[in-house]
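Read the structure below first, then the notes.
Order of appearance sets the numbers: ligands from 1, and atoms from 1 within every ligand. Because the structure is a prediction, the values reported are computed rather than measured. All values below were derived from every heavy atom in this structure, side-chain atoms included, with hydrogens, water molecules and symmetry-related copies excluded.
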Amino acid sequence: MSTVEAPAKARAQIKERTLRKDDWRLYPILTFVFFTAWVVYATVRAFWGSAFFVEEYHYLTPFYSPCFNELCGPAAEFGTFLPAGTRGWIPFAAISLPFLLLFRLTCYYYRKAYYRSFWLSPPACAVAEPHKKYSGERRFPLIGQNLHRYFWLAAALISIVNTYDAILAFHGKDGGFGIGLGSLILTANVILLWLYTLSCHSCRHVVGGRLKNFSKHPVRYWMWGQISKLNARHGQYALITLVSLVVADFYVMLVASETISDLRFFN
Ligand code: FES
């Protein structure tokens, strides 16, 4: 008769920090550099206060949407409660940016990425971390990560606003309909933002979670299946949208500052 051994009470005592022989440092280092560069760029642009809108074609950078400063001009589709004097101190998109930041900060993908690259907790699989204690996400402050589902709702609403901006970006030189490179860049960015938002683990749970019986909910089951497919690429969408946001913002900045002119395909 075979006997079942009781589980070990302590971790294996290994002197080496890791037995891994591959280049496990690459992922945390690259992630650290990429995220830091992105945060610096986004912060500078969010507080910049100019070159965010091309009135002629109605191109609004996503970093300023929805735009609430008195200086937003025709870009202010939802009111202007921020006085002009707050420029440089408060971002024009003061409502959406904190929610988007919290949405990304609590995202399951980013959690993995910045726990590894910024906190080294742990820096990679099977590599010991420098921290002595670990209380997981059950205590303050990391228990706040559980609010992700609510930030997802806010992000979905902001994606609707971004979609509206992208539709308005099909604005012609002489009024009416027009297409320029900016319209296409802003539209591509919105599509990627939706892929990122809809592939979220919380979205998957909102759509198909807490069901006892899928066969009684065929529509929700179908949607859950589609979102599950997207969910498999969630990490990729998380990274691609960082790039698409910068590309969209940078292009609008170049056109708005008259450094380049928009490439027009129609009107
Ligand atoms: Fe990444 Fe929800 S898990 S956005």
Side-chain angles (χ1 to χ4, degrees), residues 27-28 30-39 41-43 46 62-63 65-66 91 93 95-119 121-125 134 136-166 186-211 220-249:
Y27 175 87
L30 288 180
T31 310
F32 180 86
V33 171
F34 180 61
F35 282 8
T36 305
W38 195 91
V39 168
Y41 176 89
T43 308
F63 289 165
S65 176
I95 301 286
S96 56
L97 291 187
F99 284 107
L100 291 177
L101 177 68
L102 289 167
F103 176 54
R104 297 229 174 205
L105 214 54
T106 56
C107 161
Y108 289 58
Y109 164 74
Y110 286 109
R111 269 142 83 168
K112 179 189 100 174
Y114 68 78
Y115 284 2
R116 287 186 179 183
S117 53
F118 285 78
W119 292 350
S121 177
C125 284
Y134 175 67
E137 294 175 342
R138 293 170 297 129
R139 304 216 180 112
F140 183 82
L142 292 185
I143 195 168
Q145 303 282 29
N146 292 299
L147 296 172
H148 181 66
R149 66 203 77 173
Y150 303 107
F151 299 136
W152 174 80
L153 275 174
L157 288 175
I158 296 164
S159 290
I160 292 172
V161 175
N162 292 148
T163 308
Y164 181 60
D165 293 334
L186 290 169
T187 303
N189 177 53
V190 157
I191 291 171
L192 290 168
L193 287 178
W194 273 117
L195 287 173
Y196 171 61
T197 309
L198 292 176
S199 64
C200 165
H201 296 62
S202 292
C203 174
R204 188 165 170 261
H205 184 70
V206 165
V207 168
R210 302 179 77 89
L211 289 182
R220 287 184 69 182
Y221 178 54
W222 180 85
M223 286 166 62
W224 179 84
Q226 302 308 308
I227 287 174
S228 296
K229 283 184 206 157
L230 291 179
N231 183 256
R233 295 182 180 275
H234 185 61
Q236 291 165 25
Y237 296 135
L239 288 178
I240 292 169
T241 47
L242 290 185
V243 176
S244 72
L245 280 164
V246 168
V247 169
D249 174 76

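- At a cut-off of 3.5 Å, with distance as the only test, no side-chain donor of R233 or S199 sits close to an acceptor on the other residue.
- Using a 30° and 60° split on the angle between ring planes, F32 and F118 fall in the tilted class, from 30° to 60°.
- Between the side chains of W194 and T163, at least one donor N or O sits under 3.5 Å from an acceptor N or O.
- Just one residue in the list Y109, Y110, Y115, Y41 forms a ring-ring contact (aromatic ring centres under 6.0 Å, His included) with F35, and that residue is Y110.
- Every protein residue with a heavy atom nearer than 4.0 Å to ligand 1 is included here: F103, C107, Y108, H148, Y196, C200, H201, H234.
- A side-chain donor-acceptor contact under 3.5 Å links T241 and R104.
- Using cut-offs of 30° and 60° for the angle between ring planes, the Y108 and H148 rings count as perpendicular.
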